[in-house]
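To keep things clear, I will list the structure first and then write my remarks on it.
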There are 2 protein chains.
Amino acid sequence: MNGAQAMVRTLADAGVGVWFANPGTSELHLVAALDGEPRARGVLCLFEGVATGAADGYGRMAPDPAAVLLHLGPGLGNGLANLHNARRGGTPVVTVIGDHATGHQRFDAPLQSDIAAVAGSVSAWTGRPVTAAEAGKAAAEAVAAARAGGVATLIVPADAAWSDGGEVAAALPAPPPEPVADAALEPAAAALTGGEPCVVLIGGGATRREGLEAAGRIAAATGARVLCETFPARLERGAGLPAVERLAYLGEMAAAQLDGARHIVLAGARRPVTFFAYPGLPGDLVPDGCQVHDLGADATGALTGLAGMVAKDAAPALQVAARPEIPTGALTGETAAAVIGALLPEGAIVSDEANTSGLWLPGATAGAPPHDWLSLTGGAIGQGLPVATGAAVACPDRPVVCLEADGSAMYTISALWTQAREGLDVTTVVFNNGSYAILSMETTRVGAVPAPPEAGTITRDMVDLSRPALDFVALASGMGVPASRARTAEELAAQFGKALAEPGPHLIEAVVPPLG
Amino acid sequence: MNGAQAMVRTLADAGVGVWFANPGTSELHLVAALDGEPRARGVLCLFEGVATGAADGYGRMAPDPAAVLLHLGPGLGNGLANLHNARRGGTPVVTVIGDHATGHQRFDAPLQSDIAAVAGSVSAWTGRPVTAAEAGKAAAEAVAAARAGGVATLIVPADAAWSDGGEVAAALPAPPPEPVADAALEPAAAALTGGEPCVVLIGGGATRREGLEAAGRIAAATGARVLCETFPARLERGAGLPAVERLAYLGEMAAAQLDGARHIVLAGARRPVTFFAYPGLPGDLVPDGCQVHDLGADATGALTGLAGMVAKDAAPALQVAARPEIPTGALTGETAAAVIGALLPEGAIVSDEANTSGLWLPGATAGAPPHDWLSLTGGAIGQGLPVATGAAVACPDRPVVCLEADGSAMYTISALWTQAREGLDVTTVVFNNGSYAILSMETTRVGAVPAPPEAGTITRDMVDLSRPALDFVALASGMGVPASRARTAEELAAQFGKALAEPGPHLIEAVVPPLG
C-alpha cells in the first residue's frame, strides 16, 4: 500500500469520504487512491475557492468533515479565502495539499512556493508527512484536529503519496469538550440574576437548537437579552424554535443593541467588535463599564448548565409560525425577501451572501418553517455559492437556497457547474443591483469621500457593476444550470416556486435597485 | 494630505499610475486618493486573481509597473496564484493591500488574518508603513523594489491611509544592473569556443530582441545551440527576429534537447529542471558531466559581452517570414494553430495558456510577423485571460490574442468583463476540449493509474470537463463580450479574422478534441 492509499483509507475510516477536489499532477496518486476506496467520493470543482467553500458548507451541515484536495501553493492560494471563512466559523475541514516530491523541492521548480507559510494563516493544525509510513498517522491526526473545530491541513509530498510503505492509522477519538463546572458559571449566573441589564451573545455551536433553547430559557427567567453573533456558521431558526436577533453588521446599530448592558455573557461568540475600523469611532462594542463573562469552549454545555442554575422551570419563547404575503409589483430587496419568506420550504438550508440586498431577509423568514441559516463567517466574499454546493452534497434530501449578491457571486461563479454536474438541489437567487452597494455605503461611513453619485469618477467606478451589465442567466446557462430573470415580485414568486418544485440546480436573477 | 494621497502621488511620480483594483472598505481612502490624482487610472476587476494577473501582463509589456489594490488577507489570497506567476517571471508589480487600522488589529475582527505571512510567499519586498508619514516613503521603496524585478508589497493600515501627515517621497532610482566584467564571462567564452557541445539557455530579460540577437550571434559563430526557458515571461519572436526553440515542458523531451551538452550557459534562465517529479526519473535536466555557467543578473548585457568576445563578426540567423495555409476541415489543435499562424497580426501580443491544445502553436506562428509571446511563467493556471487584459491596457494600440485552455479559463473567467468594460482589443480563443487533458496525460506519466478511459471512475471524473459541457459563448455574452463558436477550421478562420478586424474584445470557442 502506498502513502496515498494509506491516507485515503485512514480518512475514510475516520469518516472523511467526500473530497472536493481540484487536483494537479502532484496529487494524482491521491486521486488514484480514491478510486481504490469504495467510501470515497470525488466532487470536481473548477476552481479551488469553490472546493474549499464547498468543504466549509459540507462541514457545517454534515456530522463528519469533508476533505478538500488542492494543488501546491497556488491551489492553496486560490482556496485561501474560503478556508479563512471556515477558520472563522470553526468549521471542521481537512485540507490536503500535494507538494513536490521531497527530492524535487531543492530544484525550486516553477510551481514551488512556501506552502506552509500560507497554510499557517488559516490552519488550526498543519501536518507534513515526509514518508509514506507517516501519511496514515498524519491523516488520522488531521481529522481529530479538524473535529476540534477548524481547518486541519496536510501537506503531502508526491513521493510520500506514491511510495510503498503506507500504513492505515486508526481514527483518533476527538477529545470531548471539558465539562463545564458550575463554579465556572457562577459569575455569569450572578450577573444574570443580579438585576442589571444583561446580554447573552451566542455563537459557534450554541446557535443550534439545544443552545438556543438554553439561552431562551435564561432570557425567559432573567430578562436577559439574547443576541446571536453577526455571521453565525449555522443558525437554526424558524417557527417553533427560539427566535434570536443577530448582532447588527453596522457598528452604530450593534452599539444600540448593546447599549446599557452591564454584563455580556459570551456563549460561543467572540467579544463584540466592529467589522471594520472607522475614523474616530470605537472598534470595541462592549459598553463602558460593562463586564464580559466568557463561558468557554463548550458553549452549549455551559448554556445548559447556566439555564439549570438560573432558569430551572422557565421555557423559552418560541417563534410563532408566520409568513409574509407574496407581494406584487416592483422587485426590491424588501419584496424579494417577502417572496422568499413566503415560500421557503421546511428543512431548507439557506446559504446567505445577499449582503445589502439581504437586509430584509431575517425579518421575512423568521416565522418560516424550521430551517438552517449559513452566513458569511469570515467576511471573505465568494462564499455563498460554494457553501450552498457543499451543504447540498451533505444533505441531499434537503432543499438548499442560496441568496447571493451579484458582486460576490462573481468570485466563485463556477460553483454552478459543480451543482449541475452533481445534480444538486440548489436554488440560487442572485440579487443583481449592478453595484458593490456595500462599498458605496461604506465610502461615506469611513469618511473617504461623498458617497456615489457625488463621489469622484474612480470611486464611482469602483462600486459600479453595471457597465457592462452582468447577465446571470447567460452565465448560469453556460454552466448547465437552468436560469431565469425576475423583474417583478410576481415573476420572482413564480420562478422561485417552480425552481423549488423541480429537483436539481436553478438560478434566478432578481433585478433589484441598489440598497432599495 | 493624508497617507493615501501621499502614497498615490508618490506612486504616480514614480511612474505607477495604473491600478488594477478590487477594493473593500479598508481601501476606500486609497480609492478616494486615486480620484485626486490626475495620472491615476482605476481598472476594476471582479476578482483579485484577475487584478494580479492583469498587473503581471501590464508589467511584462509596459515600461512601468502597475499597482494592484487588494482587500485584506482574503483578497491577497484570491490574487496569490497570479502573484506567484509574476514572481516566477520577475515581473515588476506593486501590490497594495489594505489592512485594518492599527488600533483595530488587536480586536481580531472577522476579516483579520496574517497578511504578511501570505504576502511573504510571493514578494521580493514587503513594506508595512504604520503611519501616514511613512506611507510615501514606503511607496517609493516599493516601486524601486518592483523595478528590480518582482512583486513589491505594501500592507497599509486603514489609519495610515486616512490620517493626515502624509508626505510625498521622491522616486528612487532603480539601481542599474552590475556591469558584467569580461573576466566573469571567460569561463563561458572558453566553453563556447572549446569545441564541446554547448547550450545557451536564455530566459528573463534575455528573451527580448537584444538578448536574442546576441545569443543568435554566439550560435552562428560557435555552433552552440540556443534554447529558451520553457515559459518565458515575454519572448519576442516572428519573422526577422532570431528564432529560438523553447525547452520542452515534458522532461523526456527536454532531456533530449539537452542530450550530449557538455556546457550549459544560463543567460537569465534558471538551471533546467523538470516541472514535476516523476517516480524513478531525474528532476535535474543537466546531463551528467555537463558544466553549468551562469551569466548572472544582467543576462542581456552578459550575452552582448559574450558575443563581443566569441562572435565579433557573426550575424544571427533570422527567422524567415512564413505562414501556414489556412486549413480546412476538422478543427483540431493542429488546424487551429495553423489558422492562428496564418492570421496573427503584426505587433500582436499573445497571451498563451493553451496548454495541451497549444502544442502546435509555436511552430505555426514562428514565421508570423513580429510579435510578443507571454507564457505561463509560474505554472499556476488562470493566468491567460488576466495577463491578456493587463497587456491590452499597457499597449492599447496593439492587438492582443489570448489563447486559452477551457479548464484554465474558468479560474479567472471574469477577466472578460473587465475587457468589455475597458473596451480592450483582446481576441480570446478558448480551446474547448472538454477535459483537463494535461492531467489525463500526466496520470500515466506519474505512474498513478492507467490513463483515462481505462482509469477508475474518480480519476476519469477529475479530468473530465464535459459533464456538463461548458458553453463559453454564453459565458462571454453574460459578461458583455461578443462571442461565437467554431467547429471547423474554416469557421475559426472566419471568426478569428473578423474578431481581429473589429476593435474591442471578442471570444471564440474553438471546439477541439482532447490532445488531438
Side-chain angles (χ1 to χ4, degrees), chain A residues 21 23 25-26 28-29 31-32 34-35 42 44 46-47 74 77-78 80-81 84 88 100-101 104 107 109-111 113-114 117-118 120-121 158 162 273 275-277 279 283-284 378-380 410-411 414 420-421 442-443 446 448-449 456-459 461-462 467-468 471 474-475 477-478 480, chain B residues 21 23 25-26 28-29 31-32 34-35 42 44 46-47 74 77-78 80-81 84 88 100-101 104 107 109-111 113-114 117-118 120-121 158 162 273 275-277 279 283-284 378-380 410-411 414 420-421 442-443 446 448-449 456-459 461-462 467-468 471 474-475 477-478 480:
Chain A
T25 297
S26 39
L28 286 172
H29 286 86
V31 172
L34 296 181
D35 265 320
L44 181 61
L46 296 184
F47 178 68
N78 285 335
L80 203 68
H84 170 88
R88 285 293 176 175
H100 284 308
H104 201 68
F107 298 134
L111 270 165
S113 64
D114 189 345
V118 178
S121 74
W162 76 48
V273 300
F275 210 79
F276 292 107
D284 188 354
M410 291 305 293
Y411 281 62
S414 73
R421 182 178 181 90
E442 293 281 26
T443 299
V446 299
V449 288
T457 313
I458 295 180
T459 301
D461 253 22
M462 290 293 131
R467 187 169 56 79
D471 176 347
L475 292 170
S477 305
Chain B
T25 298
S26 40
L28 287 172
H29 286 86
V31 172
L34 296 181
D35 265 321
L44 180 60
L46 297 183
F47 178 68
N78 285 336
L80 203 67
H84 169 87
R88 286 292 176 175
H100 285 308
H104 201 68
F107 298 133
L111 270 164
S113 64
D114 189 345
V118 178
S121 74
W162 78 47
V273 300
F275 210 78
F276 292 107
D284 189 353
M410 292 305 294
Y411 281 63
S414 73
R421 182 177 180 92
E442 293 283 25
T443 299
V446 299
V449 288
T457 312
I458 295 179
T459 301
D461 253 23
M462 290 293 131
R467 187 169 54 82
D471 177 346
L475 292 170
S477 305

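Note that the coordinates shown come from a computational prediction; the quantities given were computed from them, not determined experimentally. Just so we're on the same page: letters track the sequence lines, and every chain starts at 1.
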Selection from [options] maximising heavy-atom pairs under 4.5 Å formed with chain A:
options	value
B:Val118, B:Leu475, B:Asp114, B:Leu34	B:Leu475
B:Asp35, B:Asp471, B:Leu80, B:Thr457	B:Asp35
B:Gly77, B:Ala474, B:Pro110	B:Pro110
B:Met410, B:Arg421, B:His100	B:Arg421
B:Gly480, B:Ala158, B:Ser113, B:Ala117	B:Ser113
B:Pro279, B:Pro23, B:Ser26	B:Pro279

- request: Determine the option with the most heavy-atom pairs under 4.5 angstrom with chain B, choosing from A:Tyr411, A:Phe275, A:Phe47.
  value: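 That would be A:Tyr411.
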message: If you define the side chain from C-beta out and look only at heavy atoms, does anything of B:Leu44 sit under 4.5 Å from A:Asp461?
response: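 SC-SC contact between B:Leu44 and A:Asp461 ruled out.
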- prompt: Are the side chains of A:Phe276 and A:Val446 in touch, meaning some heavy atoms are under 4.5 Å apart?
  reply: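 No, side chains not in contact.
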query: Taking the side chain from A:His104 and the backbone from B:Val273, do they hold a donor-acceptor pair closer than 3.5 Å?
result: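 Not confirmed, A:His104 side chain does not pair with B:Val273 backbone.
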- request: Please answer whether the main-chain N or O of B:Ala109 pairs with a side-chain N or O of A:Arg88 as donor and acceptor at a distance below 3.5 Å.
  value: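 Here the side-chain-to-backbone pair exists.
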message: I need the minimum non-hydrogen distance between B:Met462 and A:Ala21, along with the two atoms involved.
response: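 Result for this residue pair: SD-CB, 3.7 Å.
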field: Partners passing side chain to side chain contact (heavy atoms under 4.5 Å, CB included) against A:Ala380 (at least two apart in sequence or in another chain)
entry: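 So A:Ala380 forms a side chain to side chain contact (heavy atoms under 4.5 Å, CB included) with A:Ala81, A:His84, A:Asn85, B:Pro74, B:Leu111.
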